[in-house]
Amino acid sequence: MSVVFALVDCNNFYVSCERLFKPDLRGRPVVVLSNNDGCIIARSNEAKKLGIGMGEPFFKKKAFLQQQGVQVFSSNYALYGDLSHRVMSILQQLEPEVEIYSIDEAFIRLPVQHDRTMTECALNLKERVGRCVGIPVSVGMGRTKTLAKIATSVAKEYPGYQGVFDLERCPDQEAVLATVKVNKVWGIGGRSTKKLNRQGVFTALDLKNSDGRRIRTVLGLPGLRAVMELRGESCIHLEQCPSARKSIVSSRSFRKPITSLQDLKEAVSSYISIAASKLRDQGLAAANLHVFLSTSRFRTDIPQFSGSRMITLPQATSCTPTLIKAGLRELTALYKPGYPYNKAGIMFTGLSHATMQQQNLFISAGDIRNKPLMEALDRINDYWGRDTLRYGSSGLAREWSMKQVWKSPAYTTSWTELPMVGTHQVKG
DNA sequence: TCTGGGGTCCTAGGACCC
DNA sequence: TCTGGGGTCCTAGGACCC
């Protein structure tokens, strides 16, 4: 039996999440900012029409946004993550073969049915998510994931389709592909677009009709895959079970540049604490710890430094104090005084299951003794909030911490921030 | 004077994604 | 003054081995 891929994509997801609790913002321009209120990373359709680009630095647009009455939000990942989970649950209830691809997208494999039934199925998904969660979605269908992606962009672009477009049963598929610029094809980014343009390839249709061997030499394997997928040969399969994580990163830009090793130590300790609790949450242990540090690449007026160091631990671990100790040692070796640093971070690699560790005769059993402590720490922070208990090395004043001026409440994930309906007190 | 060839593994960096 | 963060895969090149 042949199948098609459907892609369910939440419209302007972060903006839709914010609007859910502020319905008066419907029809009005809204943007959501990245961490540290740095860039614009989500825009409502009204904001897009004002010419606000994806990824634009906020400080450059601030005056314009104010003048146009655009509502601004700092990002609230607790809220977005929770609503994403609710959307995905609905899809999984309705369809057996679902791949959660990102926070706002899911691929679904549908058996090919009668033309009308397919579209009805997609409309049903859209209606159910809208009714149960309140997030608007678009659905595109195609013989491959790449074609489904294109179909979704068509569904969003032309209101006449009511948010659902089936490219597989489109009478003139090639005419549609001719309207899609090649940089909109999944897997073709800015660098590849320049190379393709030099080869005379400008649209998705051009790429589809290109010589695969030539594209392979220009773009490598990913380019060839894009060509095959556009031709309807599925190369990227549905992954229902997420594969094991290979790395965990925690990094942030600072509120303002910092120069002292002491401040950097606090930041790095805090990032290690965050990432180590993620390790434990997923039952993993890390064998390698990378520490990195950099000045702002946008500041051409100051001396630049960017570097990283990696250490392989004597034994894979998820124990916060052990990791902090190793991380601070690496940071001290990496640190060069005199530079205004704007970002630091850490990464864990060499991940394995915590229960399947080769024991080392020559290493102290400190990490094992710390296990109940880590469990208690995680339980308390899960319940009372991430920073309730933290290591002293993470600091108290935290001059370096993120800027988040316009953050909405954690409406759905914190009892103290639930939205209020009226203010009546219950007596009795 | 003249210094192989092929395989594997690892790593850093590039490119891309959301 | 102010420009995100967290991921994956691929490739080229170096180290090493026989």
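Excluded from the calculations below are hydrogen atoms, water molecules and symmetry mates; all remaining heavy atoms, backbone and side chain alike, are included.
Among residue pairs with one or both ends in residues 285-333 of chain A, those qualifying as ring pair (Phe, Tyr, Trp, His ring centres under 6.0 Å) are A/F305-A/Y339; sequence neighbours excluded. Among residue pairs with one or both ends in residues 175-213 of chain A, those qualifying as ring pair (Phe, Tyr, Trp, His ring centres under 6.0 Å) are A/Y101-A/W186, A/F107-A/W186; sequence neighbours excluded.
Across the protein-nucleic acid pair, A/M402 atom CE and C/dC2 atom P stand 18 Å apart, rounded to whole Å. At whole-Å resolution of the value, NZ in A/K145 and C1' in C/dC9 are 14 Å apart. For the pair A/L207 CG and B/dC16 P, the computed distance is 13 Å after rounding to whole Å. Nucleotide C/dC9 holds its C1' atom 12 Å from the CD atom of A/E239, rounded to whole Å. Between A/E105 atom CD and B/dC17 atom C1' there is a gap of 9 Å when expressed in whole angstrom units. Note: CG (A/L224) to P (B/dC16) measures 16 Å, nearest angstrom. In this structure, OH of A/Y101 is placed 5 Å from C1' of B/dC17, rounded to the nearest angstrom. If you take OH of A/Y77 and P of C/dG7, they are 12 Å apart, rounded to a whole angstrom.
One finds a side-chain N or O of A/K246 lying less than 4.0 angstrom from the OP1 or OP2 phosphate oxygen of C/dC9. OP1 and OP2 of C/dC9 both lie 4.0 Å or more from every side-chain N or O belonging to A/R225. Put simply, A/S247 has a side-chain N or O that comes within less than 4.0 Å of OP1 or OP2 on C/dT8.
Taking a 4.0 Å limit (strictly below) on heavy-atom distances, residues 343-353 of chain A reaches DNA chain C at A/K343. Within residues 296-308 of chain A, the residues approaching DNA chain C are A/F298, A/R299, by heavy-atom distance under 4.0 Å. Residues from residues 182-194 of chain A with heavy atoms under 4.0 angstrom of DNA chain B, sorted by number: A/V185, A/W186, A/G187, A/I188, A/G189, A/G190, A/R191, A/S192.
Using a cut-off of 4.0 Å between Lys/Arg side-chain N and Asp/Glu carboxylate O, A/K371 and A/E375 are scored as salt-bridged. The pair A/E99-A/K145 meets the salt-bridge criterion, with a side-chain N (NZ, NE, NH1 or NH2) lying under 4.0 Å from an Asp/Glu carboxylate O. Using a 4.0 Å cut-off between charged nitrogen and carboxylate oxygen, A/R109 and A/E95 do not count as a salt-bridge pair. The residues A/R19 and A/E46 are annotated as salt-bridged, a charged nitrogen and a carboxylate oxygen being separated by less than 4.0 angstrom.
Under the salt bridge (charged side-chain N to carboxylate O under 4.0 Å, His left out) criterion, A/R198 pairs with no residue, sequence neighbours left out. The side-chain contact (heavy atoms from CB on, under 4.5 Å) search around A/S277 returns A/R280, A/D378, not counting sequence neighbours. Take A/S16 and apply the side-chain hydrogen bond (donor to acceptor under 3.5 Å, both in side chains) test, not counting sequence neighbours, and it matches no residue. When the side-chain hydrogen bond (donor to acceptor under 3.5 Å, both in side chains) test is applied to A/Q173, no partner is found at least two apart in sequence or on another chain. Take A/R245 and apply the side-chain hydrogen bond (donor to acceptor under 3.5 Å, both in side chains) test, not counting sequence neighbours, and it matches A/Q282.
Summary of the strand contacts: A/P57 and A/K278 both lie near DNA chain C, and taking for each the nucleotide with the nearest heavy atom, the more 5' one is attributed to A/P57. Across the interface with DNA chain C, nearest-nucleotide mapping of A/K403 and A/R252 shows A/K403 to be the residue nearer the 5′ end.
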Heteroatom pairs (N/O) under 3.5 angstrom, protein to nucleotides 11-15 of chain C:
residue, atom, partner, partner atom, Å
C/dT11, OP1, A/L221, N, 3.1

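Between the side chains of A/Q262 and A/S260, no donor N or O sits under 3.5 Å from an acceptor N or O.
Both the sub-6.0 Å distance and the 45° axial angle are not jointly satisfied by A/K62 relative to the ring of A/F59.
Residue A/C39 has its side chain nearest to C/dT3 when only C/dG5, B/dC18, C/dT3 are considered. In this structure, of C/dT3, C/dG6, C/dG4, it is C/dG6 that holds the atom nearest to the side chain of A/S251. Each of C/dT3, C/dG7, C/dG6 was ranked by its minimum atom distance to the side chain of A/K60; first place goes to C/dT3.
The environment of CZ in A/F21 is crowded: more than 12 heavy-atom neighbours from other residues, nucleotides or ligands sit within 6.0 Å. Annotation for A/R213: atom CZ does not count as buried by contact number, only 12 or fewer foreign heavy atoms lying within 6.0 Å. More than 12 heavy atoms of other residues, nucleotides or ligands shown are found within 6.0 angstrom of CZ on A/R214. The local environment of CZ in A/R252 is crowded, with over 12 non-hydrogen atoms from other residues, nucleotides or ligands closer than 6.0 Å.
Comparing the P positions of B/dC2 and C/dC18 gives an interatomic distance of 28 Å, to the nearest angstrom. As rounded to the nearest Å, B/dT3 and C/dC17 have P atoms that lie 23 Å from one another.
In this structure, A/S74 contributes its side chain and A/W406 its backbone to a donor-acceptor pair below 3.5 Å.
Residue-level contact check: A/E56 touches neither bases nor backbone, having no heavy atom under 4.0 Å from any strand. A/L33 comes within 4.0 angstrom of no nucleic acid atom, judged by non-hydrogen atoms across all strands. Here A/D104 lies in heavy-atom contact (under 4.0 Å) with sugar-phosphate atoms only.
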Quiz prompt | Strand DNA chain B as a dot-bracket string - pairs counted if Watson-Crick or G-U with both distances under 3.5 Å, | where the partner lies in another strand | solution = ....||||||||||||||

